[in-house]
Every structure is written in structure tokens, then in C-alpha cells.
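Within every chain, numbering begins at 1; the chains are lettered A, B, ... in the order of the sequence lines, protein sequences first and strands thereafter.
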Amino acid sequence: MPGPRVRFAPSPTGFFHVGSARTALFNWLLARQSDGGVFILRIEDTDADRNREEWVDGILSAMAWLGLDLDEGPFRQSDNAALHDVAAQQLADAGLLYYCDCTGDEVARRKGDDKTPGYDGFCRDRGLTRGPATGLRFRTPHEGVTVVHDVIRGDVEFANSTIDDFIVAKSSGVVLYALANVADDRHDRISHVIRGEEHLSNAPKQMMLWDALNQVTGDVVTMPVYAHLPLLVNEQRKKLSKRKDPVATESYRDQGYLPDAFVNYLALLGWSPRGDEEIVPRSTLIEQFRLEDVSHSPAFFDVKKMTHVNGEYIRGLSAQQFVEACAPWVRPWSTSWRPTDREVPWSEAQFDEGLFALVAPLIQERVTTLGEVAAMVEFFFLDAPRMDEAAFAKVVGNDPLGRSMLGGAVERFAETQWDAASLHEATTQLGEALGLTLRKAQAPIRCAVTGSLVGPPLFESLHLLGRERTLERLRGALARSST
RNA sequence: GGUCCCAUCGUCUAGUGGCCUAGGACAUCACCCUCUCAAGGUGGAGGCACGGGUUCGAAUCCCGUUGGGACUGCCA
């Protein structure tokens with residue numbers, strides 16, 4: 001048996017939505033789990049007015065970032081216009097379509113206090129022919145039911161009487177999504193249509209069209225299996241909105257989420273791996289994914305949880321992998337890709353790649369996104385640390401003991417052996433002499449040298465920073481506090 | 001309004017009639033570890049929307065109620 005042929009069919013009307021990313025992933029997963037599986041990308045760009053080339057690039061680059069590789073495509077629906085026209089013509093010739101010259105206003109006016117859905121079929125038997133203002137509608141059967149066999153939800157029945165004579169081609173002649181999508185799916189021999197739940201009510205219409213095309217063209221193509229994925233919602237339980245919610249996949253890439261982590265988290269929305277472990281490699285996702293196991297109810301896109309997953313992946317990187325992964329955020333001038341709208345706190349001249357490699361292990365388990373890295377290590381590269389004034393006042397400015405620690409450190413550090421253990425020991429002793437625990441004793445030093453009360457392990461940091469720079473900062477802090 | 005979908009801790013989920021005094025994960029709280037912050041460890045709190053059935057037995061099946069959502073475009 002040949003593997004499934006699935007397609008991801010986004011419309012390029014904005015940046016790449018995380019919901020689209022999940023839909024793409026689920027399609028890809030199904031294709032990848034069987035030998036002959038085929039994953040197709042079809043850009044549904046029939047609405048020329050609202051498509052932009054940059055959005056197409058966004059889809060392509062986001063999918064590449066996520067590692068969702070294609071077997072066929074990318075295709076553009078607009079390239080198939082001829083195919084769509086033929087389909088419409090054949091359907092029209094068979095009397096399954098009819099011309100309609102009603103404007104939207106007229107349709108709405110006639111509907112009045114609405115009862116029947118959508119269009120009322122006014123032009124159904126007017127025998128109109130093609131004209132400058134005539135769209136094409138499908139002559140929907142009034143009798144019977146259409147049942148959508150959905151792998152996720154089971155059979156969903158729609159009484160045909162509740163489906164209106166929907167429009168299939170604009171008066172401009174352009175064939176719309178309703179038909180174009182079906183014509184393309186037939187052409188591409190799509191076996192599984194996996195998409196968001198918002199398309200469930202389109203399914204019966206598309207099944208009718210599919211059947212009609214089977215009759216009219218003589219090309220009998222098996223209808224695809226449908227699978228409507230639960231929606232991704234925001235905290236208000238509304239469908240994720242491009243306008244109001246942070247749903248741009250690109251922005252997560254810019255923030256420093258790892259593609260594997262992002263994919264792993266996405267897979268957890270509406271599905272879950274067997275067993276208690278949810279951080280699982282892509283191979284496990286591919287192996288275990290089953291459409292019939294996808295949940296029915298909407299899922300909240302929880303950035304907090306995704307951040308945790310990302311932290312797990314970052315900690316799982318080898319030291320070298322971590323250093324490399326950080327490149328776009330710490331030395332963007334030398335990488336092929338860099339996050340947009342992000343400033344690196346240091347200049348190219350100030351940055352020291354070798355030093356960063358030594359520093360990186362200190363912070364690897366302290367960040368949850370790569371975007372946090374720079375701020376955490378900037379004191380190594382800046383000439384002087386960016387000072388947290390409130391912290392400085394607390395442990396140095398307003399604390400005589402803090403100044404004593406600094407003074408003592410300037411002297412001891414000038415001659416102590418320069419390694420973390422000796423620095424640790426020296427600080428402990430300095431503290432003891434002042435009756436301070438190490439916790440208290442290290443604070444002023446940390447603040448003076450790093451500019452903050454929180455950060456990577458202090459003594460390792462001092463070691464890497466070097467004696468000269470450390471002493472310089474210690475003296476600088478002392479000088480500041482006495483003015 | 002109409003059509004359709006959905007309903008297990010705050011969140012994501014496991015659970016497909018007895019293994020459930022409902023398991024895991026995130027978040028949260030406490031404690032431990034500890035040079036700060038993390039990470040890690042241990043423990044705690046927290047859920048089957050409601051009402052009827054069916055059944056010896058229901059989170060699991062059926063019906064209803066309530067609640068939420070999607071669609072209802074000459075967009076996709």
C-alpha cells in the first residue's frame with residue numbers, strides 16, 4: 001500500500017502562525033511515518049489582493065527552520081488556475097453550477113431576519129449566462145445528508161438543506177478556494193486532508209464538489225480521509241488571533257527557541273506521546289503519532305510550558321552545540337541568519353569568541369531561551385559592567401561591611417592564586433574576618449564586578465575575567481562608593 | 001439566529017466499563033542542595049461542569065442541561 005499523500009496548504013496572508021506550524025507538523029509527521037509518505041506544500045494564493053511575496057518567504061523559512069522538509073512543492077495554487085478553470089467549466093457544462101449576479105447587499109437584504117444559511121438561491125433557476133458581474137454558484141442538493149468521516153471526530157453529519165449554494169468562482173472569473181482546493185487535492189491525489197477545525201464546515205461542500213468532479217470529469221479519485229485538528233486558543237479560549245496574540249513563529253525563533261523544542265511542544269498540543277515522558281525526540285514523535293489519538297478539544301498555547309521545554313533542550317545540548325547555537329545572539333555579525341530587532345550589548349571588537357566558549361557552560365543551565373544569553377554574560381565583554389544601581393546601593397553604597405569586603409578583596413585578590421577555588425577560599429576568609437557568611441560576603445564583589453546580584457557562579461567568572469579586570473572593577477566600585 | 005464541534009487539576013494531557021481513594025507534565029507552594037540566580041531532589045495543594053439514565057459496576061456508554069468555541073465572505 002502506498003504511503004499517505006498529505007499537503008499543508010497555508011495562505012500567505014500574514015506571518016507564519018503557530019497554529020499553521022502545528023498543522024504543518026502533524027501533516028509532516030504522518031508522511032514521515034510511512035516509507036512512501038509524501039508531504040506537499042501548496043501555497044493557497046488565489047486571492048491575489050491579500051497575498052504578499054514576503055509572506056511566502058516567511059512560510060518557507062519557518063518550515064525550513066522547523067525541519068519540516070518537503071517531498072513535493074512548494075506549489076502555488078495560482079499556478080493551477082487553468083486546471084481550476086477547466087474544472088469550473090466542466091461542472092458548469094453539466095449544469096451543476098449556475099451563474100448569479102446578486103451583490104452581497106442584495107443577498108443580505110433578501111435574507112432579512114435570516115433563517116436559512118447563507119445564499120437563498122435566488123438565481124438558481126434564472127438561467128443567467130456568463131456576464132461581467134456573474135459569479136458561479138454550486139447547485140447544492142436540497143435533499144439528503146452529507147457525512148464527513150473524520151478520523152479524529154468520527155462521523156459528522158450535515159443535512160444538505162443547511163448548506164447554501166456557495167460561490168465557486170468570482171464574477172472576475174477567478175475560481176475560489178472552495179473549488180480550487182478540491183481540484184488541487186484531486187490533482188495531487190491527496191489521501192489525507194489534515195487541517196484546523198475551522199474547516200470542518202467546509203468539508204461537506206468539498207465532498208460534494210469532489211463527487212461532482214468525479215462524475216463530470218470521468219476521473220474518479222478516491223475521496224481523502226479528513227482529520228480536523230482542534231483549534232489553538234488564547235487565554236480567553238478564543239481562536240488564536242494574528243492581531244491580538246503572540247503567534248508569529250518567527251518571533252519565537254528570534255527569541256531563541258530551538259526548533260526541536262518548538263516542534264516537541266507543538267506536538268504536545270492536542271496529542272501526547274505514550275508513557276509519562278513528554279520531552280521526546282522527533283523520531284519518537286514520528287514513530288508514535290496517530291491521527292486517531294489527536295484530542296478533540298481546543299488547546300491553549302502556553303508559552304510558559306514551551307519555555308520549560310526549551311530549557312530542557314538547551315540543557316541537553318553539548319557545550320559546543322550550545323556555543324554554536326548562541327552565535328546569532330552573541331556574534332550576529334558573523335552568522336548567516338540573525339534575529340531581527342535585537343541589539344547585541346557589545347561591539348564586535350569587544351567580543352571574544354574564545355572567552356565566550358569558556359563562559360557559556362556557566363550559563364547554559366541558567367537560560368531558557370538563547371535570547372537571554374547576551375544579557376547574562378555581557379559583563380565579560382563590556383569595558384565596565386552595566387550597574388544595577390539599586391543593588392549597588394544596597395550591598396556597597398549603604399553598607400560599610402560591603403565596602404570593607406571590597407577593600408579586603410582588592411588586597412587579597414592582588415596576590416591570591418588566580419583560580420576559582422582560591423578565589424572562593426579567599427572570599428570565605430575575608431568574610432569570616434568580618435563576621436559574614438559567604439552568602440553575604442560574595443554579594444558586594446559580585447555586584448562590583450558583574451553589576452548585578454544575580455548571575456553565573458562568581459568565582460569561576462572572576463577566574464575567566466582575569467585578575468587585572470577584576471581588580472580594576474573592584475577599585476572602581478570602591479571609588480564610586482566614596483564619592 | 002442557524003449549522004457544527006467540544007467539555008478530566010489554573011494549563012497541556014493519560015484514561016476507551018472494573019487496574020482510578022483518577023496518573024504525568026507546566027505553573028504554584030514548602031523543604032533540601034547551594035557563593036547569587038538557576039538547575040536538580042523530595043513533598044504538598046489542585047480536576048472527572050451539572051442532572052438523569054444503562055450497568056453488578058461509569059471519568060469512560062446514552063439522553064438532557066449548562067458552559068465554551070468554530071463556521072455562517074465573490075477570504076483561505
Side-chain angles (χ1 to χ4, degrees), chain A residues 9-13 44-47 49-51 77 100 102-104 107 113-119 133-137 148 150 152-153 156-159 161-164 166-174 176-178 180-181 195-204 228 230-231 233 235-239 265 268-279 295-302 304-309 311-312 315 363-368 376 391 420 423-424 427-428 431 437-443 445-447 450 452-461:
Chain A
S11 65
T13 54
E44 305 229 319
D45 59 350
T46 51
D47 188 351
D49 291 345
R50 58 186 82 192
N51 294 163
Q77 190 158 60
C100 166
C102 298
T103 64
V107 173
D113 40 307
D114 75 2
K115 278 197 289 284
T116 45
Y119 183 64
T134 54
L136 222 33
R137 289 183 183 274
V148 178
D150 187 293
I152 298 174
R153 286 153 217 285
V156 182
E157 284 188 17
F158 293 83
S161 60
T162 63
I163 300 173
D164 72 335
F166 55 93
I167 198 98
V168 147
K170 295 196 200 190
S171 41
S172 67
V174 174
L176 265 357
Y177 160 79
N181 180 268
R195 70 231 298 197
E197 197 201 303
E198 70 267 28
H199 285 289
L200 183 53
S201 48
N202 287 149
H228 290 93
L231 256 21
V233 298
E235 277 173 295
Q236 287 73 46
R237 298 257 117 203
K238 302 268 195 213
K239 183 167 82 162
Y265 177 66
L268 260 22
L269 258 19
W271 181 80
S272 65
R274 299 193 194 102
D276 282 341
E277 191 51 66
E278 12 184 61
I279 308 288
S295 87
H296 302 180
S297 41
F300 170 57
F301 185 79
D302 187 354
K304 276 216 182 79
K305 178 152 184 175
M306 180 168 75
T307 300
H308 170 264
V309 172
E312 295 269 10
R315 276 172 254 128
I363 57 148
Q364 184 170 355
E365 67 180 27
R366 290 177 166 75
V367 297
T368 51
M376 209 167 274
L423 257 6
H424 188 307
T427 305
T428 303
T437 58
L438 183 55
R439 181 187 177 83
K440 287 284 189 188
Q442 58 91 37
I445 297 175
R446 178 185 292 280
C447 190
T450 74
S452 168
L453 253 22
V454 300
L458 181 60
F459 307 113
E460 284 79 352
S461 298

Per atom distances to the Lys304(A) side chain, the nearest of C26(B), G23(B), A76(B) is C26(B)

Residues passing the side-chain contact (heavy atoms from CB on, under 4.5 Å) test with Leu231(A), sequence neighbours excluded, are Glu197(A), Glu198(A), Val233(A), Lys239(A)

Contacts of Asp45(A) meeting side-chain contact (heavy atoms from CB on, under 4.5 Å) (sequence neighbours excluded), chain-then-number -> Pro12(A), Ile43(A), Asn51(A), Arg76(A), Gln77(A), Ser78(A)

Residues passing the ring pair (Phe, Tyr, Trp, His ring centres under 6.0 Å) test with Phe459(A), sequence neighbours excluded, are His424(A)

Detail all sub-3.5 Å separations between protein N/O atoms and N/O atoms belonging to nucleotides 45-47 of chain B.
none

Write out a two-atom table: protein N or O, nucleotide N or O from nucleotides 61-69 of chain B, distance below 3.5 Å.
unit_1	atom_1	unit_2	atom_2	d
G69(B)	OP1	Lys238(A)	NZ	2.6

Sequence neighbours excluded, the answer for salt bridge (Lys or Arg N to Asp or Glu O under 4.0 Å) partners of Arg50(A) is Asp47(A)

Sorted by chain and number, sequence neighbours left out, side chain to side chain donor-acceptor pair (under 3.5 Å) with His199(A) holds for Tyr177(A), Asn202(A)

Residues at least two apart in sequence or cross-chain that pass side chain to side chain donor-acceptor pair (under 3.5 Å) with Ser201(A), listed by chain then number, are none

Sequence neighbours excluded, the answer for side-chain contact (heavy atoms from CB on, under 4.5 Å) partners of Ser461(A) is Leu362(A), Phe379(A), Phe380(A), Pro456(A)

Residues at least two apart in sequence or cross-chain that pass side chain to side chain donor-acceptor pair (under 3.5 Å) with Lys305(A), listed by chain then number, are Glu278(A)

C1' spacing across the pair C19(B) / U60(B), given as an integer number of angstrom: 14 Å

Hits for side-chain contact (heavy atoms from CB on, under 4.5 Å) against Thr437(A), two or more places apart or cross-chain, chain-then-number order -> Arg439(A), Lys440(A)

Can you pull every protein N or O that's under 3.5 Å from an N or O on nucleotides 33-37 of chain B?
unit_1	atom_1	unit_2	atom_2	d
C35(B)	O2'	Gln442(A)	OE1	3.2
C35(B)	O2'	Gln442(A)	NE2	3.0
C35(B)	O2	Arg446(A)	NH2	3.0
C35(B)	N3	Leu458(A)	N	3.4
C35(B)	N4	Glu460(A)	OE1	3.0
U36(B)	OP1	Arg439(A)	NH1	2.9
U36(B)	O4'	Gln442(A)	NE2	3.2
U36(B)	O2'	Leu453(A)	O	2.8
U36(B)	N1	Arg446(A)	NH2	3.1
U36(B)	O2	Arg446(A)	NH1	3.4
U36(B)	O2	Gly455(A)	N	2.8
U36(B)	O2	Gly455(A)	O	3.0
U36(B)	N3	Arg446(A)	NH2	3.3
U36(B)	N3	Gly455(A)	O	2.6
U36(B)	O4	Arg366(A)	NH2	3.2
U36(B)	O4	Pro457(A)	N	3.2
C37(B)	O2	Arg366(A)	NE	2.7
C37(B)	N3	Arg366(A)	NE	2.9
C37(B)	N3	Arg366(A)	NH2	2.8
C37(B)	N4	Arg366(A)	NH2	3.1

